[in-house]
Number of protein chains: 2
Amino acid sequence: METRELAYFAAVAEELHFGRAAERLGIAQPPLSRAIQKLERRLGVTLIDRSGPRIALTPAGEVLAREAAKVLDAVAAARTRTQRAGRAEPRLVVALKPGGDGGLLPGLLAAYRGHPDAVEVDLALCAVSERARMVREGTADVAFLHCPYEDLTGFDSQPLRVEGGVAMMSPAHRLAGRAFVHRADLAADPTPCWPEQHPEISDPATLMQLAVLGRLIAVVPESVRDHVRRDLVCVPVLDGTPTTVVLAWPVGTRSRALAAFVHTATMVAERLAYMPSS
Amino acid sequence: METRELAYFAAVAEELHFGRAAERLGIAQPPLSRAIQKLERRLGVTLIDRSGPRIALTPAGEVLAREAAKVLDAVAAARTRTQRAGRAEPRLVVALKPGGDGGLLPGLLAAYRGHPDAVEVDLALCAVSERARMVREGTADVAFLHCPYEDLTGFDSQPLRVEGGVAMMSPAHRLAGRAFVHRADLAADPTPCWPEQHPEISDPATLMQLAVLGRLIAVVPESVRDHVRRDLVCVPVLDGTPTTVVLAWPVGTRSRALAAFVHTATMVAERLAYMPSS
DNA sequence: GCGTCTCCATACCCCCAGGGTATGAGCCGT
DNA sequence: ACGGCTCATACCCTGGGGGTATGGAGACGC
């Protein structure tokens, strides 16, 4: 099973149409039909049900569609990781969303610079949904992720710190004067909360703008507190789900630079834990 | 990057010798050299350092060697899973070591048979190290694994029950009369324990034979207690690391039969938890 | 019910990529 | 310096992957 064949099958499985799949692949339809037939012969399994008016995947075809996607992802990751490893002097690409480092990054970068295995660090500031994908695809080496909001399957990870939540809201809001709130206070509120109800807002500026306008209340990790606009107030949510800031990297990575980065991060996080007021 | 090329590179990376790698691959040496050169040109990266007396992998080559192994594993898994899905009526292959089901299997199989999504269940009784590999390669659909002794990366899993440990020993042993022991009692003992010091013993019969002879003390999950030879005594280890029996399956599996099996297992495990004396 | 349209399979051809053999080139060790 | 080991190069050849043209099997309209 060559990757080309798997890519062909993946295209057919997605389009459910040989002609369109062939067009997308940049080849003619007959070679594509033959390639799929050959794949079926070699596996000894029917992958596509061609009897109906529209073609459909057999159960085996469904399985192969998922497996093929995994293989193609692995191949793409292999390419980017290999190329990155071969270019010039090594660098470490760290993916995070703005403010998503739990306040650890300044101290971490300073401490990491002094480590014997340290290399140059590139920061990839990106949207929420991008970070895990970047690491999976090899564009980034390691990412700051937030449990339990993000899926850690396929990653090794190191928890750095556990943070409570604060509710970010307009000063005009009726809860703005409170020393703390509970989830129930927010649930009863007419203004919607985030990120539960608005997962599509990935941009902090947009989020804060909406909060200022009283359109929503955002529950964010407490470390974000220092970066919010001055015209917003933050009120701790006592019973909010705590967020764990973790460093995540692909399983099986063997890189001294990465190991040093993770180790340094753990040290820095521990040190900060004893000085939480900073 | 075709899988053939990756297999070629993996062979070279393993043998560190073009001639032997070519022999292993069943091709001549020149085509292999060319294939690797082509790979390097396409990636724009040097993979192999040919300057020394023995060839060596560059850092990029090291990366690709690991990534290629992942891809080839994924391809092999894709083939076996697809073929299994296409053969006749579906079956569910459950991998476990003898006695490794925490006593859940009889009740689980009986309850599963009644489930609407149930299919025939094949039991693959295999050695300790085989189970995870079988699921990873697609030979089995799901396995009983034991945390924290086995690596769950790449799997989704469902914990079923937590078990304490019992020390299995000859009746002649000085601790055999005790109602319970602590780790310290065993650590001070001249006879070695298992599995910590003897991971190579994967066969329960061998293990028990050695225990009978007083050559070792085996610390095993308490559910194994019912299956040990009658000429052995089991003494609870109060402060032993608890073993969690989990069901593990490949991430991303979509199978009603498997979902039903896992769900049933959870139910059965819960029910058993309320009747621990059974 | 027949023509037509759509869509996949088949037939046939071409060409290049991948494989083989022979041989050269570089690097040791003696 | 020379022979041996090992990888690269040169050259040829074949198979298979890709192209075009066309057939055949349902689905739909009238």
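Letters go in sequence order (proteins before strands), and every chain restarts at 1. These figures come from a predicted structure and were not determined experimentally.
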TODO: Determine whether F144(B) and L108(B) make a side-chain contact, defined as any pair of heavy atoms from C-beta on separated by less than 4.5 Å.
DONE: yes
Open item on the list: A side-chain contact here means heavy atoms from C-beta on lying under 4.5 Å apart; do L43(B) and L64(B) qualify?
Closed with: yes
Given [options], which nucleotide is nearest the side-chain atoms of [X]?
X	options	value
P30(A)	dA8(D), dT10(C), dG19(C)	dT10(C)
P31(A)	dC7(D), dT20(D), dG19(C)	dT20(D)
F18(B)	dC8(C), dC7(D), dT20(D)	dC7(D)

Task: side-chain N/O S33(A) vs dC8(C) OP1/OP2, d < 4.0 Å - done: no
Open item on the list: Rounded at 0.5 Å granularity, tell me how far NE2 in H146(A) sits from NZ in K97(A).
Closed with: 5.0 Å
Task: Greater than 12 external heavy atoms within 6.0 Å of Q37(A)'s CD - done: yes
- [ ] Would you name the heavy atoms of R50(B) and I55(B) that are closest together and state the gap between them?
- [x] CA-CG2, 4.2 Å
Task: Spacing between R54(A) atom CZ and dC28(D) atom P, to the nearest angstrom - done: 10 Å
- [ ] Starting at atom CZ of F9(A), determine the distance to atom P of dC8(C), rounded to an integer number of angstrom.
- [x] 14 Å
Task: Proximity to DNA chain C (any heavy atom under 4.0 Å), residues of residues 34-46 of chain B only - done: R34(B), K38(B)
Open item on the list: side chain to side chain donor-acceptor pair (under 3.5 Å), that's the test. Do E40(B) and T46(B) meet it? Break it down for me.
Closed with: CA-CA 6 Å; E40(B) 288 178 312; T46(B) 304; 5.1 Å; no
